Chemist: 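I'd like to ask you about the structure that follows.
Note that the structure is a prediction, hence the values are computed from the model and not measured. Reckoned from all heavy atoms, side chains included, excluding hydrogens, waters and symmetry mates. Residue numbers run from 1 in the order of the sequence given.
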Amino acid sequence: MSTLALFLAVVLIPFHTSFAADAGRSSPATQRPAAPPQVPKSGSPPPAKAVPAPTLPKSPSPDYAVSVAKQDVLPNGRLRVKFRVENLGNKAGAPATIRIRYGSPCPGGENWTGIQNGELAVKGLGAGESAIVPTVYPFITPEDLAGKGCKYLVELRQGSVPWADANPANDRMHLYTKKLSLPDLVVETYPGEKFDAYGKRMHGFLVKNQGEGPAGPSVAWYKFRPGKNKPYEEKKVSVPALAPGQSFKLFGEAPEYDPDVEVGIQVDWKNDVAEQNEKNNHYGNISTVPVP
């Protein structure tokens with residue numbers, strides 16, 4: 001190979017190779033923009049984010065709520081309650097009252113016929129303020145006395161109508177007294193061991209608890225004449241606590257079946273004991289009972 005041919009082979013072949021490589025590239029000005037990603041026909045675009053609605057300020061209004069603050073069962077079975085009334089709203093409220101009613105028959109029903117404790121006064125409460133309202137008298141109904149328990153309706157009122165505010169659901173509540181195992185005090189006679197001068201058998205008198213629950217201490221009144229031309233005796237006797245079935249000897253003996261014997265006995269004279277039956281506390285043919 002001649003010197004000229006060797007020179008051309010060394011210089012021109014690399015140049016041709018570089019040009020050929022550059023020829024396959026396009027300049028930045030001639031490049032096409034990338035196509036956007038395709039959404040499949042079977043798919044759906046992601047949902048737009050929900051924009052929360054602006055919170056509007058509440059209009060000022062009172063919101064009274066009634067609840068039980070304290071509840072005590074007394075030794076005689078009655079229920080004493082203190083209510084709490086709160087203003088949960090953002091505006092002061094007017095004075096109100098609490099009315100407590102019980103159903104008829106009780107328990108059961110919404111036929112609220114009886115009223116307990118009258119109407120309890122509640123002062124006007126500022127926003128966030130509360131008040132304690134005690135009951136004037138312990139809860140008691142004939143059904144409670146019989147040991148059945150009872151359902152009460154406690155409601156806030158304004159004058160002659162129910163209380164009305166932003167949340168009427170907490171303006172009333174139900175209160176239940178439990179079924180109690182109550183005592184039942186009665187007078188019974190028992191055979192004595194003596195005979196009078198005429199050979200008549202003597203008998204004595206007992207206070208007996210024939211109920212299901214214990215009876216606390218009580219007082220018995222009696223007026224007694226053991227026979228014709230005998231002087232009257234009248235006494236008040238303290239009767240101790242009696243368990244179910246337990247008895248207490250009240251006083252002396254008298255001839256059995258003697259028409260001249262006069263006796264009048266009233267157990268639980270001061271009504272200290274809540275009983276299953278309050279109508280069987282008297283015994284005898286002297287019916288006049290003095291007021292405690």
Chemist: Please give me the minimum heavy-atom distance between Ser67 and Met173, naming the atom from each residue.
Modeler: CA-SD, 3.8 Å

Chemist: Is the side chain of Tyr190 donor-acceptor paired with the backbone N or O of Lys249 at a distance under 3.5 Å, no angle test?
Modeler: no

Chemist: Quick one: does any side-chain atom of Tyr64 pair with a main-chain N or O of Leu125 as donor and acceptor, under 3.5 Å?
Modeler: yes

Chemist: So which residues get pulled into Val219's cluster when ILVMFWY side chains under 4.5 Å apart are joined, directly or through others?
Modeler: Trp221, Trp269, Val289

Chemist: My understanding is that only residues two or more places apart in sequence, or in another chain, count here; which of them pass ring pair (Phe, Tyr, Trp, His ring centres under 6.0 Å) with Tyr283?
Modeler: Phe205

Chemist: Return yes if some donor-acceptor pair links the side-chain N/O of Asn167 with the main-chain N/O of Asp171 below 3.5 Å, else return no.
Modeler: no

Chemist: Please identify each residue that fulfils side chain to side chain contact (heavy atoms under 4.5 Å, CB included) with Asp260, with sequence neighbours left out.
Modeler: Lys228, Asp258

Chemist: So does Lys230 pair up with Glu262, basic N to acidic O under 4.0 Å?
Modeler: no

Chemist: For Asn281 and Glu275, does a side-chain donor sit closer than 3.5 Å to a side-chain acceptor?
Modeler: yes

Chemist: Would you say Asn87 and Asp63 are linked by a side-chain donor-acceptor pair, where the criterion is simply a distance under 3.5 Å?
Modeler: no

Chemist: On a heavy-atom basis, which atom in Val273 and which in Pro217 lie closest, and how many Å separate them?
Modeler: CG2-O, 4.1 Å

Chemist: Salt bridge or not for Arg84 and Glu86, using N-O below 4.0 Å?
Modeler: no

